[in-house]
Q: 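Before I ask anything, here is the structure I am working with.
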Protein chains: 2
Amino acid sequence: MNEQLQPLKKQPRAGKAGRSGTQDDIVYAHIFEAILEQRLAPGTKLSEEALGEIFGVSRTIIRRALSRLAHEGVVLLRPNRGAVVASPSVEEARQVFLARRLVERAITELAVQHATAEQIAELRQMVNDERDSFSRGDRGAGIRLSGEFHLKLAEAAMNAPLISFQRSLVSQTSLIIAQYESGNRSHCSYDEHTQLIDAIEKRDGELAVNLMMHHMDHIDSKLNLDEEGASDDLHAVFSHLLQTKKPGRPSAKL
Amino acid sequence: MNEQLQPLKKQPRAGKAGRSGTQDDIVYAHIFEAILEQRLAPGTKLSEEALGEIFGVSRTIIRRALSRLAHEGVVLLRPNRGAVVASPSVEEARQVFLARRLVERAITELAVQHATAEQIAELRQMVNDERDSFSRGDRGAGIRLSGEFHLKLAEAAMNAPLISFQRSLVSQTSLIIAQYESGNRSHCSYDEHTQLIDAIEKRDGELAVNLMMHHMDHIDSKLNLDEEGASDDLHAVFSHLLQTKKPGRPSAKL
DNA sequence: CCACCGTCCATTGTGTACAATCGCGCTGTT
DNA sequence: AACAGCGCGATTGTACACAATGGACGGTGG
């Protein structure tokens with residue numbers, strides 16, 4: 001339990017109050033990555049003290065990071081009960097996908113208008129990285145990079161609120177994919193990303209939007225949101241036995 | 001500086017760790033309201049210690065509340081420099097409005113599909129409250145209630161991510177209105193809200209969306225985002241002198 | 001007289017101690 | 001033996017103490 005990560009402790013030991021927010025960001029990014037790459041399974045308890053020891057920081061920092069993650073929807077903060085990795089229900093997944101369709105359409109249209117040559121080049125680079133990850137068999141990194149592609153696209157749309165919203169949606173999408181993907185197919189078609197970039201570069205808005213919508217369809221179809229397998233959400237598992245429940249799920253899983 | 005608010009201190013004094021998050025919520029809500037009702041002007045410094053004394057809680061609580069507010073975009077957190085009430089630039093305002101058009105359209109369509117009779121009744125109640133506030137001359141509460149109407153509408157859309165995003169957008173919108181409104185006109189036409197509810201109740205999606213878009217136009221037209229008066233953003237004030245800044249201002253258009 | 005620089009002070013960033021809460025196992029009773 | 005009530009341990013929630021940062025102020029030199 002005493003082993004700690006090196007990169008965190010670039011300085012002696014304690015008391016390096018400086019670099020405001022840097023520690024937060026590091027912890028946040030590490031947990032975030034671990035969740036999105038499915039190294040942390042949904043439902044896993046995230047103990048503040050344990051994380052503090054692992055990263056070599058106090059609970060204060062951990063707590064801030066968890067707070068941010070909860071705000072993005074990848075972590076569930078249960079009052080007095082600690083934090084766990086979120087395990088989106090089917091209904092939550094549907095809502096996220098609905099919202100994403102909406103946002104992705106808008107982002108695509110805006111990106112066609114505003115994307116600079118530099119941004120397009122960066123997008124191509126990201127697709128390359130993504131392809132590399134998949135060819136290396138690093139599925140987790142692939143999911144993450146695929147998400148980062150969509151995030152980069154949002155940046156090209158030049159709209160801060162949309163970027164922020166997209167970050168949250170992409171994070172949750174990655175979590176959903178990790179949880180519900182029907183394993184056999186190669187799940188993220190990076191060639192669709194390439195086609196999308198081509199359309200954006202040609203400033204063909206209609207084509208780009210169509211491609212994006214098809215891309216969304218493909219992602220959607222690769223998930224089995226209808227018959228969810230092996231959930232730890234008892235309410236969902238036995239939902240067919242319940243007659244009068246509210247549309248929204250309590251989302252409390254044990 | 002020693003005067004404190006009563007409602008906060010419902011119990012003896014310190015150590016009431018219970019009711020997890022309640023104190024946070026109270027502090028958060030109070031600051032939030034104060035900002036939206038323009039009792040706190042944009043740019044005002046929000047000292048942690050001062051707020052802590054006012055609310056009778058420690059800086060820990062204040063810090064969390066400020067963090068949440070920053071996440072929603074109504075407070076700006078400057079590392080090592082403290083928090084201030086956000087003062088959205090014209091460009092930021094444009095981005096928020098663009099995003100809102102997008103989201104409001106989707107919310108309206110979803111609300112037409114999903115709104116229950118109960119929710120519609122609640123919406124009518126909110127419009128009443130809003131009208132009362134304006135007739136009382138309580139402009140601040142009016143702005144806030146107008147925002148809460150749109151938030152309630154988002155709830156009727158039954159999509160958690162959209163609700164969360166809408167909350168952020170509405171907050172920022174209120175701040176923008178408070179900052180940029182050209183003072184003479186009565187600014188929020190609650191009768192438009194009433195018409196909107198009627199359309200939703202009749203399940204007339206096309207009409208509802210049209211009304212919502214016109215509503216957005218009206219809000220937009222009441223702001224003078226073109227000639228911003230007396231900004232404290234030097235970059236914006238002297239932007240015409242700068243040659244190599246960010247690529248101009250991408251016109252807000254979809 | 002103005003500009004530069006070193007010191008001070010106010011304020012934030014972080015770690016840590018302590019108190020409250022929740023879940024869980026134990027014991028006693030029926 | 002099963003269930004209810006109760007204390008206990010573990011973990012989170014809060015407050016506070018200390019360290020570090022950044023700006024302000026005043027002194028000194030040009």
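Just so we're on the same page: letters track the sequence lines, and every chain starts at 1.
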Q: Tell me: CD of E48(B) to P of dG13(C), nearest whole Å?
A: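 The distance from CD of E48(B) to P of dG13(C) comes to 6 Å, rounded to the nearest Å.
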Q: Nearest whole angstrom, please: distance from the P of dT11(C) to the CG of L66(B).
A: 15 Å
Q: Can you check salt bridge (Lys or Arg N to Asp or Glu O under 4.0 Å) on E122(A) and K152(A), steps first, answer last?
A: CA-CA 8 Å; E122(A) 287 175 2; K152(A) 198 76 192 174; 2.9 Å; yes
Q: Could I get the full list of side chain to side chain donor-acceptor pair (under 3.5 Å) partners for R167(B), not counting sequence neighbours?
A: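 Listed in chain order: nothing, the list is empty.
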Q: Measure CG/N80(B) against C1'/dT21(D) and give the value in whole Å, please.
A: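 Distance check: N80(B) CG to dT21(D) C1' gives 5 Å.
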Q: Can you check whether R81(A) has a side-chain N or O nearer than 4.0 Å to OP1 or OP2 of dG23(C)?
A: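 Yes, within the criterion.
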Q: Take atom CG of D25(A) and atom P of dT14(C), then tell me their distance rounded to the nearest Å.
A: 10 Å
Q: Expressed in angstrom and rounded to an integer, what is the separation of L46(A) atom CG from dA10(D) atom P?
A: 20 Å
Q: Atom CD of E92(B) and atom OG of S87(B): how far apart are they, to the nearest 0.5 Å?
A: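 Output value for this atom pair is 8.0 Å.
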Q: Which nucleotide in the list dA15(D), dG13(C), dG23(D) gets nearest to the side chain of R59(B)?
A: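 It is dG13(C).
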Q: Choosing from dT16(C), dG22(D), dT11(D), which nucleotide comes nearest the side chain of S58(A)?
A: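 From the listed options, dT16(C) comes nearest.
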Q: Could you check how far CD1 of I62(A) sits from P of dG13(D), rounded to whole Å?
A: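 It works out to 14 Å between those atoms.
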Q: Five pairs per end, C1' atoms only: what is the angle between the end axes of the helix from dC1(C)-dG30(D) to dT30(C)-dA1(D), to 10 degrees?
A: 0°
Q: For L77(A), check side chain to side chain contact (heavy atoms under 4.5 Å, CB included) against everything at least two apart and list the hits.
A: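 L77(A) satisfies side chain to side chain contact (heavy atoms under 4.5 Å, CB included) with L66(A), A70(A), V75(A), A83(A) once adjacent residues are dropped.
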Q: Check the pair V85(B), L175(B) against side-chain contact (heavy atoms from CB on, under 4.5 Å), reporting the backbone distance first and the verdict last.
A: CA-CA 9 Å; V85(B) 178; L175(B) 196 57; 4.3 Å; yes
Q: Could you tell me whether the phosphate oxygens of dT12(D), OP1 or OP2, come under 4.0 Å of any side-chain nitrogen or oxygen in K45(A)?
A: yes
Q: State which of dT14(D), dT14(C), dT21(C) makes the closest approach to the side chain of D24(A).
A: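 Taking heavy atoms from C-beta onward, the closest nucleotide is dT14(C).
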Q: Respond yes when some side-chain nitrogen or oxygen of Q23(A) is under 4.0 Å from OP1 or OP2 of dT14(C), and no when none is.
A: yes
Q: Any side-chain N or O of T60(A) less than 4.0 Å from the OP1 or OP2 oxygen of dT14(C)?
A: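 For dT14(C), OP1/OP2 do not have a side-chain N/O of T60(A) under 4.0 Å.
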Q: Separation of E49(A) atom CD from dT16(C) atom P, in whole Å?
A: 12 Å
Q: Any chance you could lay out the salt bridge (Lys or Arg N to Asp or Glu O under 4.0 Å) test for D25(B) and R68(B), step after step, and finish with the verdict?
A: CA-CA 10 Å; D25(B) 293 336; R68(B) 286 180 58 186; 2.8 Å; yes
Q: Among dT12(C), dT14(C), dT14(D), which nucleotide sits nearest the side chain of I61(B)?
A: dT14(D)
Q: Could you check how far CZ of R63(A) sits from P of dT16(C), rounded to whole Å?
A: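 Checked: the CZ to P distance equals 16 Å.
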Q: It should be established whether R64(B) places a side-chain nitrogen or oxygen under 4.0 Å from OP1 or OP2 of nucleotide dG13(D).
A: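 Answer no for this pair, as no side-chain N or O of R64(B) is under 4.0 Å from OP1 or OP2.
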Q: When the ring planes of F55(B) and H30(B) are compared, do they come out parallel, tilted or perpendicular, using 30° and 60° as the limits?
A: tilted
